[in-house]
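Okay, structure first, notes after.
Just so it is clear, the values below take in all heavy atoms, side chains as well, and ignore hydrogens, waters and symmetry mates. The first residue in the sequence is number 1, and the count goes up from there.
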Amino acid sequence: MRNRDHSRAVDLHLLPDRVPVWRAVIGVKPGLPQMRASLLEALGLASGSLSHRAQPADRALGEALRRPGVLFLDDAQRLSPPLLDYLRLLWDEPGTAAALLLCGAGVERVIARAPALRSRVLTWHQVPGLDQERLAETLAMFHDVWEGVDQADLAWADATVARGDFRTWAKITSHVYALSKRGQDVRVDRRLIEHACARLGPSPVKVGTRVLITRRG
């Protein structure tokens, strides 16, 4: 199992050719029914008919998790200890072959409050900021709006605004893409990137993240 970081979006982009990747969206202060529905939807199961039927839903999830793959839960720091224990019970089922990747700023502190799950963690990993030498390559993999952009312009945006944080780069990408669609043959240059960065406000906050890799054991 694994977790959310500066480069995780690109890492997950690379995984599907090797193993199936399922992404579950975690809401704010989710309850067990919401968690169950998110897992069912991520795994392509009938969440509408199963999410409020605990036993059939859990059986369906258990069967689905017998397939090799990676289930990715972002913002896992929102999960309460009972919900983390629910995940632990799912992965304790005999025959579980899927890996669970938990991501989120401060998720390690949440995991620490769930000792049964914490004891099953295989690997804890903290991912550093984006590598300057691979910045252009990484951003081009993330979105084609960055293909062919001057590396000096990217380095300026990273040094002054993003500071290696992928979440900030995702926001910049959204604004750059929107601005680039305002006309025909709009060039993504320093001026457009500065305009996009200005939309983030005066001082974008860098949020540290960690990656947690766990597996049943």
Requested in this report: Mind listing the closest non-hydrogen atom pair of Thr168 and Ala162 along with its distance?
Outcome: CG2-CA, 3.7 Å

Query - Heavy-atom pair with the smallest gap, counting every atom of Val145 and Val149 - result: O-CG2, 3.8 Å

Query raised in the report: Which atom pair, heavy atoms only, marks the closest approach of Val110 to Ala76?
Result: CG1-O, 4.3 Å

Query raised in the report: At their closest point, which heavy atom of Gly164 faces which heavy atom of Asp158, and how far apart are they?
Result: N-OD1, 3.0 Å

Requested in this report: Show the numbers, then the answer: is there a salt bridge (charged side-chain N to carboxylate O under 4.0 Å, His left out) between Asp150 and Arg190?
Outcome: CA-CA 8 Å; Asp150 192 317; Arg190 173 72 170 270; over 6 Å; no

Query raised in the report: side chain to side chain donor-acceptor pair (under 3.5 Å) with Arg113: which residues, sequence neighbours excluded?
Result: none

Report summary line: In this structure, OH of Tyr86 is separated from CG of Leu61 (nearest 0.5 Å) by 5.0 Å

**Report entry** Heavy-atom side-chain contact between Trp169 and Leu135 under 4.5 Å
**Finding:** yes

Query raised in the report: Just wondering, do Leu179 and Arg199 contact through their side chains at under 4.5 Å, heavy atoms?
Result: yes

Report task. To the nearest 0.5 Å, tell me how far Gln132 CD sits from Thr138 OG1. Result -> 10.5 Å

Report task. Indicate if Leu73 and Val25 have the same hydrophobic cluster label, given that clusters are the connected sets of ILVMFWY residues with side-chain heavy-atom separations under 4.5 angstrom. Result -> no

Query raised in the report: Which distance, rounded to the nearest 0.5 Å, do you find between the CG of Leu117 and the CG of Asp92?
Result: 9.0 Å

Query raised in the report: Are Val186 and Leu154 joined in one hydrophobic group, where the rule is that I, L, V, M, F, W and Y side chains link up if heavy atoms are under 4.5 Å apart?
Result: yes

Report summary line: To the nearest 0.5 Å, atom CH2 of Trp146 lies from atom CD1 of Ile193 at 4.5 Å

Requested in this report: Answer yes or no: is there a donor N or O on one side and an acceptor on the other, between the side chain of Ser174 and the main chain of Lys171, under 3.5 Å?
Outcome: no

Query raised in the report: Is the number of heavy atoms from other residues, nucleotides or ligands under 6.0 Å of Arg78 CZ greater than 12?
Result: yes

Query raised in the report: Got Arg88 and Leu84 here, is their nearest side-chain heavy-atom distance under 4.5 Å?
Result: no

Query raised in the report: How far apart are the closest heavy atoms of Val176 and Ala196, and which atoms are they?
Result: CG2-CB, 3.5 Å

Query raised in the report: Any side-chain heavy atom of Ile172 sitting closer than 4.5 Å to one from Leu200?
Result: yes

Query raised in the report: Any idea which heavy atoms bring Trp22 and Arg67 closest together, and the distance?
Result: CH2-O, 3.9 Å

Query raised in the report: With side chains defined as the heavy atoms from C-beta onward, is the minimum distance between Leu192 and Asp153 less than 4.5 Å?
Result: no

Query raised in the report: Would a distance-only check, ignoring hydrogens and angles, find a side-chain to backbone donor-acceptor pair under 3.5 Å from Arg163 to Val161?
Result: yes

Report task. Look up atom CD in Glu137 and atom CD in Gln151, then write down how far apart they are to the nearest 0.5 Å. Result -> 10.0 Å

Report task. Examine Leu89 and Ile26 and state if one hydrophobic cluster contains both, with Ile, Leu, Val, Met, Phe, Trp and Tyr joined whenever side-chain heavy atoms are less than 4.5 Å apart. Result -> no

Query raised in the report: Counting only N and O atoms by type, is there a donor-acceptor contact under 3.5 Å from the side chain of Glu63 to the main-chain atoms of Ala60?
Result: no

**Report entry** Side chain proximity check, Glu93 to Asp58, heavy atoms < 4.5 angstrom
**Finding:** no

Report task. Rounded to the nearest 0.5 Å, what's the gap from CZ on Arg120 to CG on Leu87? Could you check? Result -> 12.0 Å

